[in-house]
Structures are given as C-alpha cells and as structure tokens.
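Structure first, then comments.
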Amino acid sequence: MNISNAFANTVTTAMINLQALKQFKETHYTRHLVFKSSNVEILVVCWRPGQGSPIHGHGPSDGLMLILEGEIVNTSYCADGKKITTVWRAGDVGHTPVGDRHEVKNTSDQDVVSLHIYAPPLNRELQGADMGYHNNIIPKEVALPDSVIRYFLGTACEKVPLGMIDPGL
C-alpha cells in the first residue's frame, strides 16, 4: 500500500525529528526509538546497502513499516506456509501480522530509512533479532491525532484506508 506524501511528511516533519534520527552504522542496521508506551512502539530504522535483518517474528505484536527513503526487500514467511517477497519503495507501507515471520534487506546501492510501528511494543525475548536502540534520545509523550492512533492500533483498518486519514486532524 502506498500512502500520500502529505501524510508521510506530516509524520516525519511535524511529529519526528527525522534528521536527528538518521544515523547509520557500517556494520549493521540501526534502530532509533521515537516513542514507546504500553500500547505502541515507534522506531526509525536506518539501513546501509547490503544490510538486513535475520528472519524474525514480532511475537504478539502487529508490525507496520513505512518506507521514508529508498527501497527495501521484505520476505514474509506466512503462518500458512507461503513465502512472499516484495519490494517496498518510499511511501509504501508494509504489514507483518501476528504469527508471521519475515526478513528485511536493503539490496539497493542507496541508504534506506524506514518508520516501524508495533502494537503492542515488541517483547525482546520473543523476536530473535537485535532489539537494542542506537540512539540516546529520551522519548517524551506526544499528542498524536486520535484518527492516527486508531489506525495504527487497528481499530480503523477495515473502515478507513490510510490514505483517507486527514493528517491535520
């Protein structure tokens, strides 16, 4: 699914200081905590060319991944046995539902920046992947519009397509 540039720009300029979080390492991808509560966890992840995650799941968490810059390859290993490989480009939103496992890799020659939203927050013991944060930013509570919170917590998914949510609400 591709979302409007207006919504992506609202998220990354009005709600997140993306420039402060765009920090890369040559040895592995980096995970930068943006926000965490008892219901949701939001990260910015930075990927150099060739970097990727191992195959992993999100335990009891649903995962959404919004590609902010570049393109990345996602391979999903679905609970029903299907293996699906998809290229996600800037503006695309990918979903890893509870029970599925996946791996993500930057196969391009460009850096990739992605926004990850997990509800509920990830449980470190269940994932089998690097769960540390690479930033020293202390997150603070932010007031997200109710429509955005409902969408990312799944209460509006079937009723309102993401592209129809007004970022100004």
Side-chain angles (χ1 to χ4, degrees), residues 1-36 40-59 61-78 82-98 100-119 121-122 124 127-139 142 144 148 151-152 157 161-165 167-168:
M1 168 185 5
N2 192 285
I3 65 169
S4 71
N5 286 337
F7 180 78
N9 288 338
T10 297
V11 169
T12 59
T13 58
M15 299 178 189
I16 299 170
N17 183 352
L18 185 60
Q19 292 307 311
L21 297 173
K22 281 176 57 174
Q23 302 167 20
F24 295 86
K25 290 192 176 196
E26 296 304 319
T27 56
H28 55 83
Y29 68 95
T30 57
R31 301 172 75 251
H32 308 284
L33 182 63
V34 174
F35 175 81
K36 188 172 185 177
V40 68
E41 177 177 21
I42 302 173
L43 305 168
V44 168
V45 181
C46 300
W47 316 79
R48 288 271 192 226
Q51 294 178 344
S53 71
I55 297 173
H56 65 282
H58 299 144
S61 302
D62 262 312
L64 290 177
M65 182 175 176
L66 165 62
I67 308 304
L68 301 174
E69 298 176 10
E71 67 179 46
I72 203 148
V73 175
N74 180 79
T75 301
S76 294
Y77 302 87
C78 304
K82 290 182 186 172
K83 177 180 172 182
I84 302 168
T85 299
T86 310
V87 176
W88 293 334
R89 294 175 176 83
D92 287 347
V93 176
H95 176 232
T96 302
V98 173
D100 285 2
R101 297 173 58 75
H102 74 137
E103 62 184 327
V104 180
K105 185 161 187 175
N106 179 359
T107 60
S108 76
D109 60 357
Q110 302 291 315
D111 290 340
V112 175
V113 179
S114 51
L115 181 77
H116 298 240
I117 302 171
Y118 303 101
L122 295 175
R124 290 180 182 225
Q127 279 61 71
D130 173 17
M131 297 295 295
Y133 303 121
H134 294 98
N135 60 329
N136 295 320
I137 295 170
I138 299 170
V142 293
L144 295 175
V148 172
Y151 180 83
F152 287 120
C157 289
L162 183 58
M164 297 182 67
I165 294 176

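Everything quoted here is computed from the prediction, not taken from an experiment.
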Search all heavy atoms of L43 against all heavy atoms of L33 and return the closest pair with its distance. CD2-CA, 3.6 Å
Ignoring hydrogens, what is the shortest heavy-atom contact between Y29 and S53? Give both atom names and the distance. CE2-CA, 3.8 Å
What pairs with H102 under ring pair (Phe, Tyr, Trp, His ring centres under 6.0 Å), at least two apart in sequence or on another chain? H56, H58
For residues I67 and R89, determine if any side-chain heavy atom of one lies less than 4.5 Å from a side-chain heavy atom of the other. no
Over all heavy atoms of both residues, which pair between G94 and W88 is shortest? Give the atoms and the distance, please. CA-CZ2, 3.4 Å
Nearest atoms (heavy-atom pairs only) where Q51 meets E26: NE2-O, 3.3 Å
Return the CD to OG distance between E71 and S108, rounded to the nearest 0.5 Å. 5.5 Å
Examine distances only and state if a side-chain atom of E41 and a backbone atom of L122 form a donor-acceptor pair shorter than 3.5 Å. yes
For the CZ atom of R101 and the OG atom of S76, what is their distance to the nearest 0.5 Å? 12.0 Å
CZ/R31 to SG/C46 distance, rounded to the nearest 0.5 angstrom? 12.0 Å
Less than 4.5 Å apart, any side-chain heavy atom of K105 and any of W47? no
With side chains defined as the heavy atoms from C-beta onward, is the minimum distance between I42 and K36 less than 4.5 Å? no
Smallest heavy-atom separation, V112 atom then F24 atom, equals O-CE2, 3.7 Å
Provide the closest heavy-atom pair for Y118 versus S61 in the form atom of the first, atom of the second, distance. CB-CB, 4.4 Å
For the pair T30 (side chain) and Q23 (backbone), establish whether a donor and an acceptor sit closer than 3.5 Å, ignoring hydrogens and angles. yes
Min side-chain heavy-atom separation D62-H95 under 4.5 Å: yes
side-chain contact (heavy atoms from CB on, under 4.5 Å) between T75 and K83, worked out: CA-CA 7 Å; T75 301; K83 177 180 172 182; 3.7 Å; yes
Separation between CD1 (I117) and CG (L66), nearest 0.5 Å, reads 7.0 Å
As an exercise, state the distance from NZ of K22 to CG of L68, rounded to the nearest 0.5 Å. 9.0 Å
To the nearest 0.5 Å, tell me how far H32 NE2 sits from H116 NE2. 10.5 Å
